[in-house]
Amino acid sequence: MTEKSLELKHPYERFLRKERMPHIWCEGCGNGIILNCFVRALDELNIDLNNVVVVSGIGCIGRISGYTNTDSFHTTHGRPIAFATGVKLAKPKLKVVVISGDGDLFAIGGNHFIHAARRNVDITVICANNFIYGMTGGQYGPTTPLEAWTTTTPYGNIEHAFNLVHLAAASGAVYVSRWTALHVRRLKESIKKALQKEGFSFIEAVSQCPEIYGRYNKMKTAISMMKWFKEASEVRNFSDPAKAEISPDKIIVGEFVDIEKPSYGRLLREMKAKLKTKQK
Amino acid sequence: MKIELESKAVLSGQHFLNGDVACAEGALAVGCRFFAGYPITPATEIAERMARRLPQVDGVYMQMEDEIGSIAAVLGASYAGVKSMTATSGPGFSLMLENIGLAIMTETPCVVVNIMRGGPSTGQPTMPGQQDVMQARWGSHGDYEIIALAPSSVQEMFDLTIEAFNLSETYRVPTFVLADEIVGHMWERVNIPSAKAIQVVNRKKPENPPSEYAPFKPDEDLVPPMASFGEGYRFHATGLTHDENGRPRTDSAEVQQRLVQRLCEKIRRNADKIVKVERILLEDAEVAVVAYGIASRAALSAVRKARAQGIKAGLLRLVTVWPFPDKQIEKIAQKVKALVVPEMNYGQIVREVRRVAKETPVVFMSKLGEEPHKPAEILDALRRL
């Protein structure tokens, strides 16, 4: 065998910035699975990578924008959706995807999320929900389950968690789904659907953080966390998102919303076209 | 409501406008096609004008959920290749400061207009102030340099907004138009030149192919050429300390040193090209006023009156506030026996003037609240020098 024939090329290499590897994520983290599903979705849709912009905020998953081989921007904490809104409206041909965490998108950035969904800005938001602030070492966040142990809930969490799919649906998102890092095929299919949808699409990707959340909450390994996903999750497509709260023994997954509504960009284009006829 | 529709980006001709509207027209004339903002007194008229005018010229007006979202959207639009701006006042400016830091770090051309009102906090929303001048310079964390211009007339609201965009595009730095409520709200004649006569500067674009593009590798002027999203360059930008390729380098003192130094030096080394002042009756002056914005108008009147009374007074009007006109002030401080600095705050730019003037005495005149300085007050100060 010649040396050349031993050269192996990863089939998804063109989607990643190789020089940025290894990534910063811990062993067993779900972020790699989400990145994997995302690039497979791009591949299967055959999207021109020159027209994709990945925007992320601060946190573990926030580093994803540095790894995708697209135009990308790593914003301040909580602001990727607002930044992405500017990108999309300034250059509508771009496919703009926000990939960020539960704290970034729903604590510090919560206001931008609900308003972008209400406006129906034509972007896709993927939230890696790992129930905790991982980058800062394990503080509770807006999706941390009641009673969970974190470094800032040393006596157990006494805050109620956001039900993200309900929040997204109520805010006006035209496509809403939830999968876990265990549901790789469905997650990938869901991302494909979201990318093709006109308007604000939202995917909650429940992700394991064995190193911090798991370790603090009796699921020390990625396997044990994914076992929880396997045992607790139940696929119920188009069920009421209001009744899809995540609990220790139930994670309802599936598509919750898939509706048609004119996007902000479309309404803006129509308004400008109308204006043009008046100006003449 | 029937509104007469303009259609051109540059409304050449003579107009009677208020400062906020003139600012919006200046932005349109220099090619701004994206505005994101949040209503706030006394800057709202800029947003209203942009909401009406931008769709006419195929631009985008975006009313965001707050000022944090506004500035973030402005950065996004700028990276998509569109000249963009926002306009606000003190409380909104405070909210924007973190992402102004992001604009500095990611070298995003953008213009932020601050129509200053009375502070701190909610303060006096409909009253003038010049209280955010130091905030504009130092409000975001870390070390950096920015550019800030201080218009003193409605015509200058038009002219300096153009200038702000041109500087921002040249140096890839957020540039501020620091006006006060009076300049924003007063009505004056404005001459808008023909489109051809307006100088328009666009950011440098990379000349090398995407495979060789390093998004933060500077040219000799310390400014890196800027590709836009969707042009095939597929580059990454981050608020983290980064190397010339845009890669985060959170563990390298050398990269931190090099980056912060360049972000500061690209402005400092070009200060002579950036700084503009207006020198009035300074040739033989024995006493001088240093002023900017609304306070400079009363100062001009006071200087003329002083001359009529035989006092050799002059005025140095700061058009550029940041970078600070050190050299220009130093030159005058060496010539005159004293300087007067009237400001609508409790003492901000006067600190810089004192730093530069060294031994030359500097008299500070504070004014807070509704009324700007009266010419007679400044005249009185000149007479007592």
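All chains are named by letter (A, B, ...) in the order of the sequence lines, taking the proteins before the strands, and each is independently numbered beginning at 1.
Rounded to the nearest 0.5 angstrom, B/I68 CD1 and A/I108 CD1 are separated by 7.5 Å. Rounded to the nearest 0.5 angstrom, B/H236 NE2 and A/Y67 OH are separated by 9.0 Å. Taking CG of B/L102 as the reference point, atom CZ of A/R79 lies at 11.0 Å (rounded to 0.5 Å). Note: B/T108 OG1 to A/F73 CZ = 5.0 Å, rounded to the nearest 0.5 Å. Put simply, CD on B/E65 and CD1 on A/I81 are 9.0 Å apart, with the number rounded to the nearest 0.5 Å. How far CG of B/N99 is from NE2 of A/H77: 12.5 Å, rounded to the nearest 0.5 Å.
The greatest number of non-hydrogen atom pairs below 4.5 Å with chain A, out of B/P210, B/A227, B/A77, B/S84, is found for B/A77. For the set B/D58, B/I71, B/V74, the count of heavy-atom pairs under 4.5 angstrom toward chain A peaks at B/D58. Each of A/I114, A/T68, A/N69 has some count of heavy-atom pairs under 4.5 Å with chain B, and the biggest count is that of A/N69. Comparing A/N111, A/V55, A/T85 by heavy-atom pairs within less than 4.5 Å of chain B, the highest count is held by A/N111. Ranked by heavy-atom pairs shorter than 4.5 Å toward chain A, the options B/G232, B/A80, B/G69, B/A237 are led by B/A237. Ranked by heavy-atom pairs shorter than 4.5 Å toward chain B, the options A/A90, A/A116, A/G78, A/A84 are led by A/A90. Listed options A/D48, A/L94, A/N51 were ranked by heavy-atom pairs under 4.5 angstrom with chain B; first place goes to A/L94.
Of the two parts of B/S228, the backbone and the side chain both hold a non-hydrogen atom closer than 4.5 Å to a non-hydrogen atom of chain A. Residue contact with chain B, scored on non-hydrogen atoms closer than 4.5 Å, involves the side chain of A/R17 exclusively. There is no contact between B/N245 and chain A, counting heavy-atom distances below 4.5 Å. Heavy-atom distances place no part of B/A36 under 4.5 Å from chain A, backbone and side chain included. Only the side chain of B/Y79 has a heavy atom closer than 4.5 Å to any heavy atom of chain A. Both the backbone and the side chain of A/L89 come within contact range of chain B, judged by heavy atoms closer than 4.5 Å. Looking at A/K95, neither its backbone nor its side chain comes within 4.5 Å of chain B, counting heavy atoms on both sides.
A 6.0 Å sphere centred on CG of B/D143 holds no more than 12 heavy atoms belonging to other residues, nucleotides or ligands. Summarising the local packing, CD of B/E212 is surrounded by more than 12 heavy atoms from other residues, nucleotides or ligands at distances under 6.0 Å. Atom NZ of A/K93 has more than 12 heavy atoms from other residues, nucleotides or ligands within 6.0 Å. The environment of B/K205 atom NZ is dense: over 12 non-hydrogen atoms of other residues, nucleotides or ligands sit within 6.0 angstrom. Heavy-atom contacts from other residues, nucleotides or ligands closer than 6.0 Å to OH of B/Y38 number 12 or fewer. The environment of NZ in A/K274 is sparse: at most 12 heavy-atom neighbours from other residues, nucleotides or ligands sit within 6.0 Å. Counted within 6.0 Å of CZ on A/R118, heavy atoms from surrounding residues, nucleotides or ligands total more than 12; the atom is thus considered enclosed. Heavy-atom neighbours of A/K197 NZ from other residues, nucleotides or ligands within 6.0 Å: above the threshold of 12.
Remark: side-chain polar atoms of A/K272 are paired, donor with acceptor, to backbone N or O of B/G59 under 3.5 angstrom. A side-chain donor-acceptor contact under 3.5 Å links A/K91 to the backbone of B/F229.
Of the candidates A/T70, A/D71, A/N50, A/N50 is the only one forming a side chain to side chain donor-acceptor pair (under 3.5 Å) with B/R234.
Residues A/R119 and B/M64 meet the side-chain proximity criterion, which asks for heavy atoms closer than 4.5 Å. Taking the side chain as every heavy atom from C-beta outward, A/R20 and B/P248 approach each other to under 4.5 Å.
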Next on the checklist: Go through it in stages, so that I can follow the logic: the residues are B/L240 and A/R63, the test is side chain to side chain contact (heavy atoms under 4.5 Å, CB included), and I'd like the CA-CA distance, side-chain angles, deciding distance and then a yes or no.
Outcome noted: CA-CA 10 Å; B/L240 289 168; A/R63 294 300 186 96; 3.6 Å; yes
